[in-house]
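Below you'll find the structure, written out as structure tokens, and then a few comments.
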Amino acid sequence: MKNKEIPYKIYLDEKDIPKTWYNMRADMKNKPAPLLNPGTLKPMKKEELAAVFCDDLIEQELDNDTAYFPIPEEIQEFYKMYRPSPLVRAYRLEEKLGTPAKIYYKFEGNNTSGSHKLNSAIAQAYYAKKQGLKGVTTETGAGQWGTALSMACAYLGLDLKVYMVKVSYEQKPFRREVMRTYGASVTPSPSTETEVGRKILAAHPGTTGSLGCAISEAVEKAVTSEGYRYVLGSVLNQVLLHQSVIGVEAKTALDKYGIKPDIIIGCAGGGSNLGGLIAPFMGEKLRGEADYRIIAVEPASCPSFTRGVYAYDFCDTGMVCPLAKMYTLGSDFIPAPNHAGGLRYHGMSPVLSQLYHDGYMEAVSVKQTDVFEAAELFARTEGILPAPESSHAIRASIDEALKCKETGEEKTILFGLTGTGYFDMVAYEKYHEGEMEDYIPSDDDIKKTTDKLPKVNL
Ligand SMILES: *Cc1c(COP(=O)(O)O)cnc(C)c1O
């Protein structure tokens with residue numbers, strides 16, 4: 001038994017909820033590359049972005065210099081419904097593993113949407129409302145982002161149209177109904193409602209959809225509907241900015257007990273929770289004040305960081321969105337249909353891509369059966385039923401803790417537990433039935449889609 005001088009949960013007060021978001025870009029020497037216009041391949045100007053995104057969010061997107069953005073009062077009020085989120089010491093997991101490592105996790109699943117996505121959803125809905133818009137459009141894959149945004153839009157009285165990746169729409173009817181309960185309209189994607197949807201359906205009949213394709217539909221709907229803009233739940237700089245509440249809060253809690261993590265771990269789909277969790281720590285690292293090992297964890301079936309290319313690519317399948325420079329598998333890349341573990345996006349946040357490229361962080365990929373094994377162990381020891389996405393971070397944290405067991409090192413590990421898995425029981429069922437397979441794309445598979453990257457000469 002370890003001496004438990006640190007409590008299981010480090011509690012913060014309401015007054016400890018961050019009052020500012022922290023923008024890592026301000027401290028980066030090499031700034032993330034600018035978004036490009038998909039037609040001209042020139043950097044996007046504010047005016048061009050304004051047809052797609054809300055004005056204040058464009059300011060945040062393009063601002064590489066302002067380190068701290070005040071969080072508007074109304075958003076702070078909303079945060080009080082479910083923040084501060086718990087920072088938990090995983091004593092029970094440590095004991096089960098027999099590791100000398102100290103493991104902490106920041107749990108963001110403590111709200112009805114069940115994930116960290118609410119942190120940015122309320123911010124984006126707030127700025128849309130402030131601009132006097134009627135509503136917003138978006139896509140959702142597994143459904144967490146759509147759910148979070150429905151909650152935020154219901155709270156502020158905004159209309160919401162969600163394009164939901166068809167396979168999820170069919171596999172997760174309860175997610176869909178949660179969104180409808182909060183007043184959103186939900187359409188399976190690809191749909192016949194949009195031109196790009198009809199095009200994709202003609203080219204790939206019977207397709208079960210992809211995030212990239214749902215994004216194209218949502219963008220088209222926004223730019224062709226009066227009083228609507230498009231909002232996105234990950235990848236963009238503004239989303240990482242909003243998610244910095246996770247990291248700032250985690251650091252406040254750790255500082256309370258003088259704890260300094262050696263290793264910080266997060267799962268990476270588009271990079272928003274990881275970007276948020278590491279923000280203040282990466283800030284210290286960039287300024288040369290402290291050092292941390294930072295590890296992004298991705299699925300072996302969709303390995304953007306570990307096997308992708310750092311290049312300009314389309315953010316969506318229909319090529320209507322701006323191009324971003326990022327680690328990417330190509331916008332046509334669709335993970336194998338038997339991939340159940342989430343984190344299916346082909347690209348990665350431009351901020352994290354630049355940091356990874358410059359050697360400020362590492363990345364590992366993990367197989368989905370190993371992820372579910374970790375998820376189950378975590379559920380049985382720590383009690384929380386983790387989302388498959390979050391379980392990638394659990395897997396890597398367990399692996400690091402087991403290394404400590406071999407070497408006898410007492411490292412401190414902090415990881416992001418991004419959400420709960422109640423709507424992922426089909427995936428858990430596959431795992432329990434022994435029907436889960438580990439599909440890993442071949443080099444040829446990846447080459448097929450990365451060969452088609454747009455040629456950009458800046
Ligand atoms: C969306 C989501 C992720 C992945 O998205 P990021 O932008 O990479 O954070 C991870 N975990 C959960 C629970 C999610 O809903």
Side-chain angles (χ1 to χ4, degrees), residues 85 105-121 124 138-151 162 164-165 168 172 175 178-179 211 214-215 231-247 264-279 294-299 302-305 315 324 326-327 335 339-353 355-356 361 363 365-366 371 375 378 384-396 415-424 427:
S85 74
Y105 58 91
K106 180 76 169 159
F107 180 44
E108 290 291 319
N110 226 350
N111 66 74
T112 295
S113 76
S115 83
H116 66 286
K117 297 220 169 58
L118 199 51
N119 300 329
S120 183
Q124 298 194 44
T138 198
E139 77 297 328
T140 198
Q144 290 98 323
W145 167 244
T147 309
L149 193 62
S150 334
M151 290 173 69
V162 180
M164 185 171 189
V165 177
S168 304
K172 299 189 174 183
R175 264 276 176 226
V178 178
M179 287 185 254
L211 262 187
I215 294 174
V231 295
L232 178 63
S234 184
V235 185
L236 296 176
N237 302 342
Q238 57 186 275
V239 184
L240 269 72
L241 175 70
H242 306 147
Q243 294 296 358
S244 68
V245 289
I246 304 172
I264 305 170
I265 297 174
C267 63
S272 74
N273 86 83
L274 179 62
L277 175 68
I278 66 175
I294 293 170
I295 307 176
V297 192
E298 57 186 17
C302 193
S304 344
F305 265 141
C315 294
M326 56 187 176
Y327 278 85
H339 173 65
L343 310 174
R344 309 170 64 94
Y345 189 61
H346 68 272
M348 188 52 69
S349 140
V351 175
L352 294 190
S353 293
L355 289 168
Y356 179 65
M361 51 187 278
S365 73
V366 291
V371 166
F378 186 83
I384 296 170
L385 178 79
E389 293 91 341
S390 324
S391 305
H392 289 70
I394 299 175
R395 176 75 259 171
F415 77 86
L417 187 69
T418 50
T420 46
Y422 304 117
F423 291 107
D424 299 289

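Only this structure's heavy atoms are used, side chains among them; waters, hydrogens and symmetry mates stay out. Remember, it's 1-based here, ligands and their atoms both numbered in the order they're listed.
Here the CG-OG1 distance, from N110 to T420, works out to 8.5 Å after rounding to the nearest 0.5 Å. Remark: M151 CE to M179 CE distance equals 12.5 Å, nearest 0.5 Å.
K106 is not listed as a side-chain neighbour of H116, based on a closest heavy-atom distance of 4.5 Å or more. The shortest side-chain heavy-atom distance between L352 and L355 falls under the 4.5 Å cut-off.
Partners of F305 under the ring pair (Phe, Tyr, Trp, His ring centres under 6.0 Å) rule, at least two apart in sequence or in another chain, are Y327, Y356. Contacts of F423 classified as side-chain contact (heavy atoms from CB on, under 4.5 Å), with partners at least two apart in sequence or in another chain: F174, R175, V178.
On a distance-only criterion, G114 and ligand 1 share no N/O pair closer than 3.5 Å. Considering both main-chain and side-chain atoms, V235 never comes within under 3.5 Å of ligand 1 through any nitrogen or oxygen pair. At least one N/O-N/O distance between G270 and ligand 1 falls below 3.5 Å. Geometrically, ligand 1 and S272 share a nitrogen or oxygen pair separated by less than 3.5 Å. At least one N or O atom of T418, backbone or side chain, sits closer than 3.5 Å to an N or O atom of ligand 1.
Each of the following atoms of ligand 1 lies closer than 4.0 Å to a heavy atom of Q144: 13 (C), 15 (O). For ligand 1, the atoms lying closer than 4.0 Å to a non-hydrogen atom of S115 are 13 (C), 15 (O). Counting atoms of ligand 1 from 1 in the listed order, those under 4.0 Å from a heavy atom of C267 are 10 (C). For ligand 1, the atoms lying closer than 4.0 Å to a non-hydrogen atom of A268 are 8 (O).
Within the 4.0 Å heavy-atom shell around ligand 1 one does not find Q243.
For atom 7 (O) of ligand 1, the nearest protein heavy atom (residue, atom name, distance) is S234 OG, 2.5 Å. Taking atom 8 (O) of ligand 1 as the reference point, the nearest protein heavy-atom neighbour is G269 N, 2.7 Å. The protein heavy atom nearest to atom 10 (C) of ligand 1 is E389 CB, 3.4 Å.
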- Task: Output, in order, the C-alpha distance, side-chain angles, deciding distance and verdict of ring-ring contact (aromatic ring centres under 6.0 Å, His included) for F415 and F107.
- Result: CA-CA 9 Å; F415 77 86; F107 180 44; over 10 Å; no
- Message: Walk me through whether I264 and L277 qualify under side-chain contact (heavy atoms from CB on, under 4.5 Å).
- Response: CA-CA 8 Å; I264 305 170; L277 175 68; 3.8 Å; yes
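Under 4.0 Å from ligand 1, the heavy atoms of L343 that appear belong solely to its side chain. For K117, every heavy-atom contact with ligand 1 shorter than 4.0 Å involves the side chain, none the backbone.
Checked options T418, N273, N119; the residue passing with E108 is N119 (criterion: side-chain hydrogen bond (donor to acceptor under 3.5 Å, both in side chains)).
No donor-acceptor contact under 3.5 angstrom links the side chains of S234 and W145, judged on distance only.
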